[in-house]
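Naming: A, B, ... by sequence-line order, numbering from 1 per chain.
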Amino acid sequence: MTQKVFEGKVVGKSVAKIDSLSLALGKPLFTDDKSFKDMVYVKMLFSPHAHAEIITIDTTEAEKVPGVLGVLTYKNASQVLHTTAGQGYPEPSVYDTRMFNKKVKFVGDSVAAVAAESIQIAEKAIQLIKVEYKVLEPIFNWDEALGNPIIIHDEEEAGYLIPVFYDSKNNHVAHIDALVGDIDQGFKDADILVEKIVRNHYAQHCPLEPHVSIAYFDENDRLVVRSATQVPYHARRIIAQVLDLPIAKVRVIKPRIGGGFGSKQEIVTDLIAASFTLQLKRPVKLEYSRREEFISARTRHPMTTRLKAGVKKDGSITAMDMRVTSNTGAYGTHGLTVLSNTGSKTLPLYHCDNIRFIGDTVYTNLPIAGAYRGYGGTQAALAMEIVMDELAIQIGMDPAEFRLKNHIKPGETSPIFKVLGEGTEGVEQTIDSCGLSDCIKQGANAIGWWSREDHKEKFNTETKKRGFGLACIMQGSSIPHIDMAAAYAKMNDDGSFNLLVGATDIGTGSDTVLAQIFAEVLNLDIESDIVVLSSDTDITPFDKGAYASSTTYLSGMAVKNLAEKIKKQLLDYAAEQMDLPVNELELVGKTVFHLKTKKSMSFAEIGTKALYTENQQQIGAVASELSKKSPPPFCAHFAEIEVDIETGKVRVLKYVAAVDCGTPINPKLVIGQTEGALVNGLGYALSEHYYFNAQGRMLNPSFGNYKIMTTTDLPEIETIIVKTYEPTGPFGAKSIGEPNISGPMPCLSNAIYDAIGIRITEPPYTPDRILKAIKDHQQVM
Amino acid sequence: MALEIEVIINGQQKVLTIEPYDLLIDVLRREGYKSVKRGCSEGTCGTCTIILNGRAVKSCILLAAQAHKGSIVTVEGIGTRDQPHPLQQAFVEEGAIQCGFCIPGIILSAKALLDNNQSPTKEEVKQAMDGNLCRCTGYSGQIKAILSAAAMMRGEK
Amino acid sequence: MKQLQEFIYPNSIEEALSFLDESTEIIAGGTHITVSKNQSFKRLVDITRIGLNYIKKEDHQVRIGSTTTVTEMIESSIVRKIGNGILTKACQLIADTPLRNIITLGGNIARYYPWAGLPVVLLVIDAEIIIVDKEGLEQTISATKYFKNAKVKTGEIIKEVVFPVQSDWFYRYEKFALTTVDYSWLTMAFGAKNEGGSIVDPHIAVSRITKVTRVSEVEKLLEGKELSKLNINEVIQTLRTSVNVVSDYRSSKEYREHLLGILFKRMLNEMKEEGK
């Protein structure tokens, strides 16, 4: 079936990212690049214990250090219960967090903060704070947290704003139970049953710019927070909420952001910087060090995922039963919604009438998990794609053929869409665009899938074994009926436009993508005609922020609505000025043109006249969008690897990602999103790992010891864009930011199985773990 | 005890008063070279990379005093909006810049390579970039951009 | 590092020596000095400007000044002949490019950093370390002795390392790590002569899994053995029991012992192949 594709004048073209030259020139664009006079510096004291009660805390000596300006602890900081999750209001995350707590719940929990004239003074003072702890027994194993006699959260008032399950007495943060069809009958109908338990590990986003906030008072004594955030509007709301300020007294400015990947969808440094500014009336900076990022910022939810599935010999899947235990760490931020996403972003991918999903999120005394690119989908895809692989192999069908047969197709729906949403019930939807079949076919050709057995035979040696793996992934685009995006634009004298968007470009290129959508409707030049400003809560309209794969799809639709409103204004204005019927006018180049008379009026003419002389008005508009659907982008990943069976080392030789994001608004940015995510995913699968000691302290909190990939670790990578057309998206576009991070973990596991016949279900696939699996396997044999 | 160091930064002779324990990154940022970024403070991520005496080095693990009588290049010094350096131009054209936080360091590592090797292979480019982490792009656009800039600098583009 | 009060730029070894005392530390590349905690020195003496940056070829040996950077060694065609290329290979596997541009030969051996890449190379090549003492007198210490107990003392400066060039030897170097730019999980080097199919004067050195050391038990076991008749399993068993392998959080003692045997087995097999 050939699907419709969109070819635009600007949309579909790899125009240069509009901020890229400024970034290449090294302009001072980031949060900490602006100098402030009289800046105050903050350093944090973090808990050395995984679980402890603060008996006494004595800050007298610290306060005596010359240059120390203030100390915050649970005694004097705001005690408002909140969630650090930067989500829409009311948040689907539990209010279980205070700025500082009397009871610390993980190594890295906030105990105190010192503000001083210099960072060195603050560091010195931190060491002089005397804390007496009563150390409590911790819980580290998330599979043993439910109903454990150790209770991590004992504050009575903690709870959700929305009516969902919460049982802190049993360390139980969230529970979801969803069923469609008849699961028992489904298993009875199966010829083959496969059940796997997978366990994914702690890992971090690692944006190269850490969390940093600079808070200050402006000339009108309003609080301004310049912040490395993905969610300026939610940050403003939470700052106002916790510090008891009117929203109108708070302004959050998002400059250029040095990457986020979900970590900056959390309010981590804003509240402390802002608290000190309120106290000291001076600019205050809090910037996390890399070590502090690792131990105290957010991580990916580690989970235990059990997936049991049944299949008939003809390849049809009869039942899928997914059980998830998700570890949210010491606080429940994103604990419910990441859990629901594990099911909702994986189970609809394949045809199946009988599906059960039971998920539980639990507290442990380990680092806080939060939003991380993939958002549960990554975790569940590990189970899903390993099980699909195994089902195919058990019935003797090629894993690629098996997926081609079973994956959801255009015009189809999945019952899961309705029963599983973001923490609550979901929204029914039909798949209008799906290029997954083409992704699988083209990806298979690119990796040499169909000739893999010959290839393996040619290269296999006594000690090195080649293997090929495949994984298919879906995600969503925005959170339907919940998140809203808005954009505003105004026309200038010369026919240029200011485009003001709440959408938060954190390095993804969304400012550029939105400018392309705006330009496509109005025939504009990206470089000369559009000035984009994103995310300043005083200036730009509301947008939920950069998360849930919603910027291109949802904010893009808001911008398209906006451009169409302005187009209508231009036509109306020109019709009136030229005295011609508006329905005979059209935009041709940067003019309003009348075909019959060949009369035209340029945008510059309209801009100038409207502002100064004729029928004076501001041409401009605001528009917004609330999505009704969350159309999934799809991708197929293929890997060729080599396993050294004597050392256990896995080397990835080639990796292919074929992706369907609807219309690629900017193909080079699509490739960047794809490869950035998949290289992150490869690192997660192979080398990124939190090592903890027996007391729950992370042992490797540095880039020296937490290994993310560099250039010399890369396999050969090929990205294939399969164009489709999503009718509900701007010019046919869907999202692309998230799914590609979820492919490598299952894809490499499947490739390892292909190479050595062993299913590895607990990443990362480090040499010692692979070797152990090989040895265990030999013992069983 | 404060000391004075003489350095050339982006071609300009400067005498800077520093403390012996001041890190080079802090002195450069204090002097307004904000392109020098702090990403890890332990010499791993490479966002603080500068060129010192012709070689790419990480300024977060060098004392400013070590740069005495040295010549420093930061990314502010290699191109302008009207006349960007071929590397800056190629990075823009190849879409090799996402968040951009790592980019000044990466461009300088690349410049140090190209200044010593006009026609590097892809492998040599990867090797020269191995000390600069990027979490956004997956690197391939950047590798392409560096090879493309090399061709520009050889007059082939 | 707030305790640091002075930074000195001497122009000669003699001048540098005159500043050294208990509260003074030498700095060359400085990559470790700037990140390590709990330091007490009040003065730093920069030895990168005292003429110790050189690579000199002599008959059957090469002298490398202690402030020569790892990058300079990688770029040197003279260095490539040392140990049939293993010094170059070891240098290429140190850290990353911008760090290799400042890490020096002397800095890599002055302290027994467990992750340092070069000590095992010096050990298997029988390099000699020239140290200048307080009085300005040069002492020549074999690498074997140096890494056993002769750490450079306060008041002394490593001047240079002398590498013999023995092109008829078989050499191998291995750094096993999780990613290319990672601290090593296991570092080892091997050097020996193949005389008529027999192993002569074997040198085996390992680090990271234990304090850097030669493995004399295995050297003795291999001495004079015919390659074709070598019982490799016995050799690697002896190797595993002779080295006091410690575990760390990255990998267990058992895994490291296993790895040690596998890597050495591969080196011996390559020596066999090469001899054919």
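- A:Thr712 has its side chain out of reach of B:Glu123: every pair of non-hydrogen atoms, C-beta onward, lies at least 4.5 Å apart.
- Residue with the most contacts toward chain B among A:Gly683, A:Gly258, A:Gly509, A:Ser35: A:Gly258 (heavy-atom pairs, distance under 4.5 Å).
- No part of A:Asp505 comes within reach of chain B, as not one of its non-hydrogen atoms sits under 4.5 angstrom from that chain.
- Taking both residues in full, the closest heavy atoms of A:Met709 and B:Leu133 are given as O-CD2, 4.0 Å, listed atom of the first, atom of the second, then distance.
- Across all non-hydrogen atoms, the minimal contact from A:Leu714 to B:Gly138 is CD1-O, 3.7 Å.
- Among B:Glu94, B:Gln142, B:Gln127, the residue with the largest count of heavy-atom pairs under 4.5 Å with chain A is B:Glu94.
- When each of A:Asp713, A:Thr710, A:Val679 is checked for heavy-atom pairs under 4.5 Å with chain B, A:Thr710 comes out on top.
- Against chain A, the residues from residues 30-39 of chain B that qualify, each with a non-hydrogen atom under 4.5 angstrom away, are B:Lys34, B:Ser35, B:Lys37, B:Arg38, B:Gly39 in number order.
- Residue contact with chain B, scored on non-hydrogen atoms closer than 4.5 Å, involves the backbone and the side chain of A:Ser22 alike.
- Rounding to the nearest 0.5 Å gives a distance of 11.0 Å between OG of B:Ser140 and CD of A:Glu718.
- Heavy atoms of B:Thr74 lying under 4.5 Å from chain A are absent altogether.
- Residue with the most contacts toward chain A among B:Cys136, B:Pro104, B:Gly141, B:Gly95: B:Cys136 (heavy-atom pairs, distance under 4.5 Å).
- Shown here is B:Lys122, whose NZ atom has no more than 12 heavy atoms of other residues, nucleotides or ligands within 6.0 Å.
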Quiz prompt | Intermediate values then yes/no, side chain to side chain contact (heavy atoms under 4.5 Å, CB included), B:Thr44 and A:Arg290 | solution = CA-CA 11 Å; B:Thr44 316; A:Arg290 185 55 55 187; over 6 Å; no
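- For B:Leu87, no part sits under 4.5 Å from any heavy atom of chain A, backbone or side chain.
- In the displayed structure, B:Glu156 atom CD is contacted under 6.0 Å by more than 12 heavy atoms of other residues, nucleotides or ligands.
- The two residues A:Ala24 and B:Val92 come nearest to each other via the heavy atoms CB-CG2, 4.5 Å.
- Contact annotation for A:Phe30: only side-chain heavy atoms (C-beta onward) come within less than 4.5 Å of a heavy atom of chain B.
- Distance check: B:Tyr139 OH to A:Ile717 CD1 gives 10.5 Å after rounding to the nearest 0.5 Å.
- Using a 4.5 Å cut-off between heavy atoms, A:Glu287 contacts chain B through its side chain alone, with no backbone atom that close.
- For the atom pair SG of B:Cys40 and OH of A:Tyr706, the computed distance is 15.0 Å after rounding to the nearest 0.5 Å.
- Looking at B:Gln89, neither its backbone nor its side chain comes within 4.5 Å of chain A, counting heavy atoms on both sides.
- Considering every non-hydrogen atom in both A:Lys668 and B:Glu93, the closest pair reads NZ-O, 3.1 Å.
- With a threshold of 4.5 angstrom between heavy atoms, A:Ser289 does not approach chain B through any atom at all.
- Between chain A and the options B:Ile103, B:Thr80, B:Ile143, the largest number of non-hydrogen pairs under 4.5 Å is found for B:Thr80.
- Of the listed residues (A:Ile671, A:Leu669, A:Asp19, A:Asp32), the greatest number of heavy-atom pairs within a distance under 4.5 Å of chain B belongs to A:Asp32.
- Of the two parts of A:Leu25, the backbone and the side chain both hold a non-hydrogen atom closer than 4.5 Å to a non-hydrogen atom of chain B.
- With respect to B:Arg135 and A:Glu688, a salt bridge is recorded, a charged nitrogen being found less than 4.0 Å from a carboxylate O.
- Across A:Leu208 and B:Phe101, no two heavy atoms sit closer than the pair O-CE2, 3.5 Å.
- Between B:Pro84 and A:Leu21, the shortest heavy-atom distance links the atoms CB-CD1, 4.1 Å.
- Looking at B:Thr47, the atoms closer than 4.5 Å to chain A (heavy atoms on both sides) all sit in the side chain, from C-beta outward.
- Contact of B:Glu42 with chain A is made through the side chain alone, with heavy-atom distances under 4.5 Å.
- Around CD of B:Gln118, the count of heavy atoms belonging to other residues, nucleotides or ligands within 6.0 Å does not exceed 12.
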